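This report concerns only the one structure given below.
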Amino acid sequence: MTTTGYLQASDRPDGISSIVLLFILLIGLIIVFSLVGYLVSSAVERGSLPKTASAWLQAFAVLLGGATVVMYMLGAGSLIFMEEPDMQSACRTAGGATHHDQVDGYDGRYFPPRFLCRLRGGGSYTAQVPGYVNPSLIVLSSLTVACAGASWITRPKAAADNTPHVKAI
């Protein structure tokens, strides 16, 4: 229990743990900074922008991967410090007065990031996480995999060693 007397999501057995979300956001920040550092160091090492289609696709895959992580962090960040009144108001806002009277409990998920308002008669509806987050995660992660795969397919092939080998006596 907090000093306000309200339960935090981390205090509820069926809620989302704020500590876990903090670690997820920290790991997400590390990943985003690492990906940006990789792109910058690659450009500095080459001394210019990518020259081949494979290098461009690889850079796009890294950028899209970073965008996917940022979008996930946006969804997870909207849940991080939810207390009992925040949960109630999120359910009231998302479901209106008709559904809010039937709310029996709350349920949170880390992947995909979502907050569910459970109803007494069964069923639930989503609240709190912006509606564009999860569809964006699907699109961005699919584009990341597609660009990475295309980069791998179009990579320069190593030349085969066709020189005759002479055995030494």
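Being a predicted model, the structure only gives us computed values, none of them experimental. All values below come from the heavy atoms of this structure, side chains included, with hydrogens, waters and symmetry mates left out.
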So the side-chain hydrogen bond (donor to acceptor under 3.5 Å, both in side chains) pairs with at least one residue in residues 127-137 (sequence neighbours excluded) are none

message: When you compare the side chain of C117 with that of S124, does any pair of heavy atoms fall below 4.5 Å?
response: no

Could you state whether V20 and V133 fall into the same hydrophobic cluster, counting links through intermediate Ile, Leu, Val, Met, Phe, Trp or Tyr residues with side-chain heavy atoms under 4.5 angstrom apart?
yes

Would you mind writing out the side-chain donor-acceptor pairs for residues 57-68 within the sub-3.5 Å range, not counting sequence neighbours?
| residue | atom | partner | partner atom | Å |
| --- | --- | --- | --- | --- |
| Q58 | NE2 | Y38 | OH | 2.8 |
| T68 | OG1 | L64 | O | 2.8 |

Shared ILVMFWY cluster between W152 and W56, side chains joined below 4.5 angstrom?
no

Is there a path of hydrophobic side-chain contacts, each under 4.5 Å between heavy atoms, that joins F111 and V145? no

The reported gap from CZ in R46 to OG in S41 (rounded to nearest 0.5 angstrom) is 9.0 Å

In terms of heavy-atom contacts, C91 and V103 come closest through CB-CG2, 4.2 Å

| query | Would you call Y125 and F115 a side-chain contact if the rule is heavy atoms closer than 4.5 Å? | reply | no

| field | Joint cluster assignment, M73 & L79, ILVMFWY side-chain distance < 4.5 Å | value | yes

Side-chain touch L137/P113, heavy atoms, less than 4.5 angstrom
yes

Enumerate donor-acceptor pairs with a distance under 3.5 Å from any side-chain N or O in residues 21-36 to protein atoms, sequence neighbours excluded.
| residue | atom | partner | partner atom | Å |
| --- | --- | --- | --- | --- |
| S34 | OG | I30 | O | 2.8 |

On a heavy-atom basis, the closest approach of P135 and G131 is CD-O, 3.2 Å

So, does T154 use its side chain to make a donor-acceptor pair with the main chain of A53 at under 3.5 Å? no

